[in-house]
*Asks:* 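Dropping the structure in here first, questions after.
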Protein chains: 2
Amino acid sequence: MSKKLDLRVKRTRKLINEAFLKLIQQKGFDSVTIQDIAEEALINRATFYLHYEDKYDLLEKISRSAIDELTSVLNPVLHISEHEVQVEKLRTTIEKVYESMEKNQVFYTVMFGEHGVYNFRNNLEEVIRENFSKKMTELGVRPEDFEIPKDMILHFISAAFVGVVQWWLKQSTKPSSQEMAMKLSKIITAGPMQAAGLKIEKQL
Amino acid sequence: MSKKLDLRVKRTRKLINEAFLKLIQQKGFDSVTIQDIAEEALINRATFYLHYEDKYDLLEKISRSAIDELTSVLNPVLHISEHEVQVEKLRTTIEKVYESMEKNQVFYTVMFGEHGVYNFRNNLEEVIRENFSKKMTELGVRPEDFEIPKDMILHFISAAFVGVVQWWLKQSTKPSSQEMAMKLSKIITAGPMQAAGLKIEKQL
DNA sequence: GACACTCTGTTAACTAATCAACATTTTGTC
DNA sequence: GACAAAATGTTGATTAGTTAACAGAGTGTC
């Protein structure tokens, strides 16, 4: 599938990513220059252009890889059959989501941080909404049947989810992914999902 | 003086150094292999051999550069004229020593650490002793005249100095270099230097 | 003590990254 | 709005680093 990447390419990209995030945290995305990045990453400025068009391209590619990983894990989050949520599956998937965030912790922390990227939170919520939404229609789940607008449910869940993640990332001693998954799956199944008229399988 | 170093060389060495220290901390110097280093540093194993003979050579070169920096700062520590210690000069020099250690904090912490390098503490003390000793003879200071063996004074100072540094490095919120310099210069002038028969200039 | 296994040290052909130079564009400030 | 300074984006020639392949040294374990 993926042809083996030259070690230099792998290393260069890693160095650029790290430098970029560090600089965003220091001075904010807007004031980061390509020159800054090259200097911090110990690469020649010309090398940057071998990999990225500009800093917007870089931001997009970094974001995409983090978000792609997140959504690939998020995808099976609603393993719903016949309007029945399988609680255990929900729990393990949330756990995987938190593991993914832990792995890309630096990325998320910087993006959410004081000097983070404008609108990142909203964009992340949107990604999550789209994923939930797609899955719902795919499975024929129609909260409208229960007099709750689908959009409302989606905004409720995505906002709550991202809000909790943001809080979690700031904790110096973070509750484990397992713990977070346990608690969140309880809350979600107890609240919004029942409101949306989804039958809940018996709790673990 | 120093011809400009190719950016790749600079970067490769930095990556090797960081990887090396990280690995020593993880598994101890003895069990670190060149293969480990290459993998961690994202460089080819062959590249390692372009820069160092083996891990002993690497250790020596890393150590040398840290120690060289230290001693170059340590050199003027005893600005003694006519057996009179200039307290203010002593203070500022200790301050610089602590700044140097702060800069190479990772190096020193790893070397002193649980998986550190055997005998590193003793070697460091020796370096310090040699520097003090050289300076003393250079200036004709003879504590023997006051019935204290020179070696005893040297061991007293070097051991105390390194002991304090080791303690300092472990503190999560370290007293500043200024603070350390202030306190240490007081202790040293009050204790061993007077014992060695050196007249002390009036305190700041 | 012979087996598989990992680590070492070295090589020649290939390639990514550097250098330094250039013309442009953007930024900031007087 | 005009000038200097800094950042951008591109280039061709040069070099450090990669690759993969080698033979040999050290480890352990059955």
*Asks:* Return no unless some side-chain N or O of B/His51 is found under 4.0 Å from OP1 or OP2 of D/dA16.
*Replies:*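 B/His51 to D/dA16 OP1/OP2: no side-chain N or O under 4.0 Å.
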*Asks:* Spell out protein contact along nucleotides 4-13 of chain D as letters: B when the base is contacted, S when just the sugar-phosphate is, - when no protein heavy atom is under 4.0 Å; keep the 5' to 3' order.
*Replies:* ---BBBBB--
*Asks:* Return the set of residues passing salt bridge (charged side-chain N to carboxylate O under 4.0 Å, His left out) with A/Asp68 (not counting sequence neighbours), or none when no residue passes.
*Replies:*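 Listed in chain order: nothing, the list is empty.
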*Asks:* Among all residues two or more places apart in sequence or in another chain, which pass the side-chain contact (heavy atoms from CB on, under 4.5 Å) test with A/Gln178?
*Replies:*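 Partners of A/Gln178 under the side-chain contact (heavy atoms from CB on, under 4.5 Å) test: A/Glu95, A/Ser176.
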*Asks:* For A/His51, check side-chain contact (heavy atoms from CB on, under 4.5 Å) against everything at least two apart and list the hits.
*Replies:*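 With sequence neighbours excluded, A/His51 shows a side-chain contact (heavy atoms from CB on, under 4.5 Å) to A/Val9, A/Thr12, A/Arg13, A/Thr47, given in chain and number order.
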*Asks:* Just the rounded figure in Å: distance from P of C/dT10 to CZ of B/Phe48.
*Replies:*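 My rounded result for the distance is 12 Å.
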*Asks:* Using a 4.0 Å heavy-atom cut-off, does B/Arg13 contact any base of the nucleic acid, only the sugar-phosphate backbone, or nothing at all?
*Replies:*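 It contacts nothing in the nucleic acid.
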*Asks:* Whole Å only: how far is the NZ atom of B/Lys10 from the P atom of D/dG17?
*Replies:*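 Atom NZ in B/Lys10 sits about 14 Å away from atom P in D/dG17.
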*Asks:* Among all residues two or more places apart in sequence or in another chain, which pass the side-chain hydrogen bond (donor to acceptor under 3.5 Å, both in side chains) test with A/Ser63?
*Replies:*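 Result, side-chain hydrogen bond (donor to acceptor under 3.5 Å, both in side chains) vs A/Ser63: none returned.
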*Asks:* Starting at CG of B/Leu50 and ending at P of D/dT15, how long is that distance when rounded to a whole Å?
*Replies:*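 Going from CG in B/Leu50 over to P in D/dT15 covers 15 Å.
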*Asks:* With respect to the phosphate group of C/dA17, does any side-chain polar atom (N or O) of A/Thr12 fall under 4.0 Å of OP1 or OP2?
*Replies:*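 For A/Thr12, the contact criterion (side-chain N or O under 4.0 Å from OP1 or OP2 of C/dA17) is met.
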*Asks:* By side-chain contact (heavy atoms from CB on, under 4.5 Å), which residues pair with A/Asn104, not counting sequence neighbours?
*Replies:*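 Once residues adjacent in sequence are excluded, the partners of A/Asn104 under the side-chain contact (heavy atoms from CB on, under 4.5 Å) criterion are A/Ala66, A/Glu69, A/Ser100, A/Phe107, A/Tyr108.
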*Asks:* Give the rounded distance in Å between these two atoms: OH of B/Tyr52 and P of D/dG17.
*Replies:*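 Value for this atom pair: 11 Å.
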*Asks:* For the pair B/Arg129 and B/Glu125, evaluate salt bridge (Lys or Arg N to Asp or Glu O under 4.0 Å) and give the outcome as yes or no after the intermediate values.
*Replies:* CA-CA 6 Å; B/Arg129 267 201 303 282; B/Glu125 283 187 16; 3.8 Å; yes
*Asks:* How many Å lie between CG on B/Leu7 and P on C/dA16, as a whole number?
*Replies:*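 About 18 Å, once rounded to whole Å.
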*Asks:* Shortest non-hydrogen contact from A/Ile34 to A/Tyr49?
*Replies:*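 Smallest heavy-atom distance, with atoms named: CG1-OH, 3.7 Å.
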*Asks:* So does B/Arg8 reach the base of C/dA17 with its side chain, donor to acceptor, closer than 3.5 Å?
*Replies:*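 Checked by distance alone, the answer is yes.
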*Asks:* Rounding to a whole Å, what distance do you find between A/Asp6:CG and C/dC14:P?
*Replies:*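 Going from CG in A/Asp6 over to P in C/dC14 covers 15 Å.
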*Asks:* Listed by chain and number, what are the side-chain hydrogen bond (donor to acceptor under 3.5 Å, both in side chains) partners of B/Glu99, not counting sequence neighbours?
*Replies:*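 Checked B/Glu99 against side-chain hydrogen bond (donor to acceptor under 3.5 Å, both in side chains); zero matches.
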*Asks:* Looking at residues at least two apart in the chain, or sitting in another chain, which of them share a side-chain hydrogen bond (donor to acceptor under 3.5 Å, both in side chains) with A/Lys55?
*Replies:*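 A/Lys55 satisfies side-chain hydrogen bond (donor to acceptor under 3.5 Å, both in side chains) with no residue once adjacent residues are dropped.
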*Asks:* Starting from C1' on C/dT8, measure out to CG on B/Asp57 and report it in whole angstrom.
*Replies:*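 Taking atom C1' of C/dT8 as the reference, CG of B/Asp57 is at 15 Å.
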*Asks:* Show every side chain to side chain donor-acceptor pair (under 3.5 Å) that has at least one partner inside residues 166-175 of chain B, sequence neighbours left out.
*Replies:*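 Counting only pairs at least two positions apart or across chains, the side chain to side chain donor-acceptor pair (under 3.5 Å) contacts touching residues 166-175 of chain B are B/Arg121-B/Gln166.
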*Asks:* Going by number, which of residues 14-22 of chain A have a non-hydrogen atom under 4.0 Å from DNA chain C?
*Replies:*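 Of all residues in residues 14-22 of chain A, none places a heavy atom under 4.0 Å from DNA chain C.
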*Asks:* Residues in ring-ring contact (aromatic ring centres under 6.0 Å, His included) with B/Tyr52, at least two apart?
*Replies:*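 Counting only residues at least two positions away or on another chain, B/Tyr52 forms a ring-ring contact (aromatic ring centres under 6.0 Å, His included) with B/Phe48.
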*Asks:* Output one line per pair: protein atom, nucleotide atom from nucleotides 26-29 of chain D, and distance, for all N/O pairs under 3.5 Å.
*Replies:*
none

*Asks:* On the nucleotide C/dC19, are OP1 or OP2 found under 4.0 Å from the side-chain N or O atoms that A/Asn44 carries?
*Replies:*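 True: A/Asn44 side-chain N/O within range (under 4.0 Å) of C/dC19 OP1/OP2.
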*Asks:* Rounded to the nearest angstrom, tell me the gap between atom CD1 in A/Ile43 and atom P in D/dA16.
*Replies:*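 Nearest whole value for this atom pair: 18 Å.
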*Asks:* Salt-bridge test for B/Asp57 and B/Lys61: reply yes if a basic N is under 4.0 Å from a carboxylate O, no otherwise.
*Replies:*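 Salt bridge between B/Asp57 and B/Lys61, a charged N being under 4.0 Å from a carboxylate O: yes.
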